[in-house]
Amino acid sequence: MNSAIADIRKDYSAESLLEADVAPDPIRQFEKWWSQAINSQILEPNAMTLATSSVDGMPSARIVLLKGFNEQGFVFYTNYKSFKGMQLEENPKACLVFFWKELERQVRITGLVKRTPAKDSDEYFRSRPLGSQVGALASPQSQVIASREWLDTAYLELSEKYKGEQPSRPGHWGGYQVQPVIIEFWQGRPSRLHDRIQYTLENGQWKIERLAP
């Protein structure tokens, strides 16, 4: 083992997380932590790891951006024909992880996935900068392409086509909503004795438990 890597460590001591202090509903608790992350001016606090798997259990993970959340779940947008989109279509379950290192916090969300309504995807697509809209049209996400030049050419051609015009959302692009069944809040503590509070949805009610670090 590379000792230089093994010796990298940090003792966490910024905050604590006690059962008496958490909200009875995990969305309200997330909302509290989310507000604190926003107010702390963390760079891209909406960046989250999205883990998916195929039906045969092969996992895959990548960073995506949260674009909304409410009692129904957590929303992000992508190309439905991308690798993650194909995995979600055949196995509509996922895990999201936020890591806010500046606050010494993680949030892990495990849940069931469904597409957002078309009108929501249309609305969000229209809100994006024109360059991002054209990029969604130009890129066959996750597919093998000939070269960077091929992609740049496709983008330039579509940019010219839609100059001064609002592109329509392509049918292969839109949102997914992760409907949580388990949400864990992790707060770093000294000596690796971290606080872990887990909410589990049982018969429509949230059960709160402490997990060992």
Go through Arg28 and Glu71 one step at a time and tell me if the salt bridge (charged side-chain N to carboxylate O under 4.0 Å, His left out) criterion holds. CA-CA 9 Å; Arg28 299 285 77 79; Glu71 295 290 344; 2.2 Å; yes
Can you see which heavy atom on Pro180 is nearest to which on Gly73, and at what distance? CD-CA, 3.8 Å
Donor-acceptor side-chain pairing of Gln166 and Gln133 below 3.5 angstrom: yes
Carefully, step by step, assess Arg105 and His194 under the rule side-chain contact (heavy atoms from CB on, under 4.5 Å). CA-CA 10 Å; Arg105 288 174 173 173; His194 311 304; over 6 Å; no
Could I get the full list of ring-ring contact (aromatic ring centres under 6.0 Å, His included) partners for Tyr199, not counting sequence neighbours? Phe185
Hey, could you give me the CG/CD distance between Asn79 and Gln143, rounded to the nearest 0.5 Å? 8.0 Å
Do you know which two heavy atoms are closest between Leu17 and Arg210, and how far apart they sit? O-NH2, 2.8 Å
Quick one: which residue pairs count as a ring pair (Phe, Tyr, Trp, His ring centres under 6.0 Å) with a foot in residues 164-184, not counting sequence neighbours? Phe76-Tyr176, Tyr77-Trp173, Tyr80-Tyr176, Phe125-Trp173
Closest heavy-atom pair and its distance - Leu130, Pro167: CD1-CD, 3.7 Å
For a quick test of reading the model, state the closest non-hydrogen atom pair linking Gln29 to Asp21 and the distance between them. OE1-O, 4.3 Å
Classify the ring geometry of Phe30 against Trp34: parallel below 30°, tilted from 30° to 60°, perpendicular beyond 60°. parallel
Of all the heavy-atom pairs spanning Ala37 and Pro45, show the shortest one and how long it is. CB-CB, 4.2 Å
With a 3.5 Å cut-off and no angle check, do the side chains of Lys84 and Gln141 form a donor-acceptor pair? yes
Donor-acceptor pair between Thr52 and Ser60 side chains, under 3.5 angstrom: no
Could you check Gln187 against Glu104 for side-chain contact (heavy atoms from CB on, under 4.5 Å), going step by step and ending with a plain yes or no? CA-CA 6 Å; Gln187 178 70 61; Glu104 302 177 354; 3.9 Å; yes
